[in-house]
Number of protein chains: 2
Amino acid sequence: MSMDKPSNTADDILAAARSFIVAGGYNGFSYADIADVVGIRKASIHHHFPSKVDLVRTLVKRYLEDAVTGMTELERNVPAPPQLLRTYAGFWAQCIEDASRPICVCALLASELPALPPEVAAEVRAYFQFLSGWLTGVIERGAAQGTLTIAAAPRVEAEAFMATVHGAMISARAYGDVLTFSMILAPTLQKLIPARD
Amino acid sequence: MSMDKPSNTADDILAAARSFIVAGGYNGFSYADIADVVGIRKASIHHHFPSKVDLVRTLVKRYLEDAVTGMTELERNVPAPPQLLRTYAGFWAQCIEDASRPICVCALLASELPALPPEVAAEVRAYFQFLSGWLTGVIERGAAQGTLTIAAAPRVEAEAFMATVHGAMISARAYGDVLTFSMILAPTLQKLIPARD
DNA sequence: TCCAATCTACCTACTAGTTGGTAGGCAGTG
DNA sequence: CACTGCCTACCAACTAGTAGGTAGATTGGA
C-alpha cells in the first residue's frame, strides 16, 4: 500500500546531526553527541551511517532534495516572481524567528568548505548551484514580465540576493536578534519589486 | 629607543591560527596543527597562550583592533562615502582574489557562534557592532551629502551591505571562484552610488 | 664587575578524556 | 535461517592541557 518507513532512527540521527551542524559546523559535533540526544549507543550510529562523511553527505543530499521539491511546489502555488522572492525570504524569516532552523546548513558548511571532506563539499556546491539557478530563473522571468526591476544581469542579481540572505542569517546570529534577518531583507526585496502606486 | 618586539613566535602562532580558522572554523584545528607550521612543540604554544580560548580571543580582539585602525586611516585618506564603500569592497575583493584572506575571520566565526566559547563569541559580536556602526556612519554621511542614494534608514542599508559582503565571501568559497565576490558587489555598490551622467 | 636570582622561551614526557571506527554478540521478526 | 537494529567492549589516534626541566638572556645588589 504505502511506502513503509519502519524505523525513524536514521531520521532521528539526521535531525540531531542537522541541529548540531547549524550550531557548530562539521567539526562541532561527534557521534557521542548524537548518541546522547537520539538515545542510542555511539556504535549504533555506524549501523545506519558507516562514517561521519556518509552521515553528513546524506544529510546535505537530502537537504538539497527537499529544497528542490520545496521550490518546485512553491512555484506551482505561487507563480509570480515577486511573491516567490517574498515567500522564500519569508520562509527563512519564519525559521529564524521561531529558531527552528536558525541558519541554512549549506551556508554554514560553505563557510568552512576548505576543511570539509570532498564528498560533503561537492554536495554543498550542488546546493549553491541549484539555489542560484532557481533564483536566476525567477528573476529572469520577473524582469521579462516587468514585475521585477533589475540593475544587472539576472544571474548577478540572483547571486547578490542569495548572498544577502546568507549574510543576513549570519548577522542575525551575531547580534542574537532574530528580527535582524527581516530588517535586512525588507529593503533588498523593495529594490527588486517595483512600487505599485 | 624603539619599542622592541624581541619574539615573533606569538605572532607566528596567531597567524597560523588565523589561516586555520578561515579554513575550518574554531574546531577545525588543533594545537598540534599550529605547532607543525610554526615549528615549535605543542606545549610551547601553551606558554604564549595558556588555552585555546585565550589564543582565539586574542586573535579576534587584535582582528577588531586592526579593523578599527584600518578604517580610521582609510577615512583620513579617502573621506568621500562612495569611495569609502568602494575601497572597503575592493579591499576584500583583493584579499579573496590573491587568496591572502579568503574570508573574514569574524564572518566565519559568527556562523558557528552558538558553539563558540562565550569569551570568543563576545569578541565576534564586538566586531560586528563596530563594522555595522562604521558603515552606518559612512552611509549616513553619504546620504546627507547626496553622494549616496539610500532606500531605507542608514542603519538598515549598512546591515544589508555588510550582509551582502559576508554572503558574497561564502558564495565565492562555495563556487571556488574568486571573481564571484566582485561580481556580487558591483551591482550592490551601483545601487548605492548614483550614476554620474 | 661578578654573581646570583629571576625571567623567557622552549623542551620532553605525560595525563585524562574524546575522536571516529571496528568486532562480535544477541534479541526480535519475516 | 537470515536480516535488522541495537548492544558491549574494544581500538588507535588525537584532543587540550600539565608537570617539570633546561639553556640563555636580563636584572639587581654587593
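Just so it is clear: chains get the letters A, B, ... in the order the sequence lines come, proteins before strands, and each one is counted from 1.
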For the pair [X] (side chain) and [Y] (backbone), establish whether a donor and an acceptor sit closer than 3.5 Å, ignoring hydrogens and angles.
{"X": "Glu157(B)", "Y": "Ala151(B)", "answer": "yes"}
{"X": "Glu159(B)", "Y": "Met183(A)", "answer": "no"}
{"X": "Tyr31(B)", "Y": "Ser51(B)", "answer": "yes"}
{"X": "Arg57(B)", "Y": "Pro117(B)", "answer": "no"}

Handout entry: Aromatic ring pairing Tyr63(A)/Tyr127(A), orientation class (parallel under 30°, perpendicular over 60°, tilted between)
Key = tilted

Problem - Nucleotide nearest Ile40(A) when distance is taken to its side chain, options dC7(D), dT12(C), dG5(D) - result: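 For Ile40(A), the side-chain atoms sit closest to dC7(D).
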
Practice task
Could you state the atom-to-atom distance from CD1 of Ile34(B) to P of dT15(D) in whole Å?
Solution key: 11 Å

Below the 4.0 Å mark, does [N] have OP1 or OP2 next to a side-chain nitrogen or oxygen of [X]?
{"X": "His47(A)", "N": "dG5(D)", "answer": "yes"}
{"X": "Thr9(A)", "N": "dC6(D)", "answer": "yes"}
{"X": "His48(B)", "N": "dC10(C)", "answer": "yes"}

Fill in the blank from the handout: Readout for nucleotides 20-29 of chain C: B = base within 4.0 Å of protein heavy atom, S = sugar-phosphate only, - = neither; 5' to 3' it is BBB-------

Problem - Face-on cation placement of Lys191(B) at Phe161(B) ring, 6.0 Å and 45° thresholds - result: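 No - Lys191(B) does not lie over the ring of Phe161(B) by the 6.0 Å and 45° rule.
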
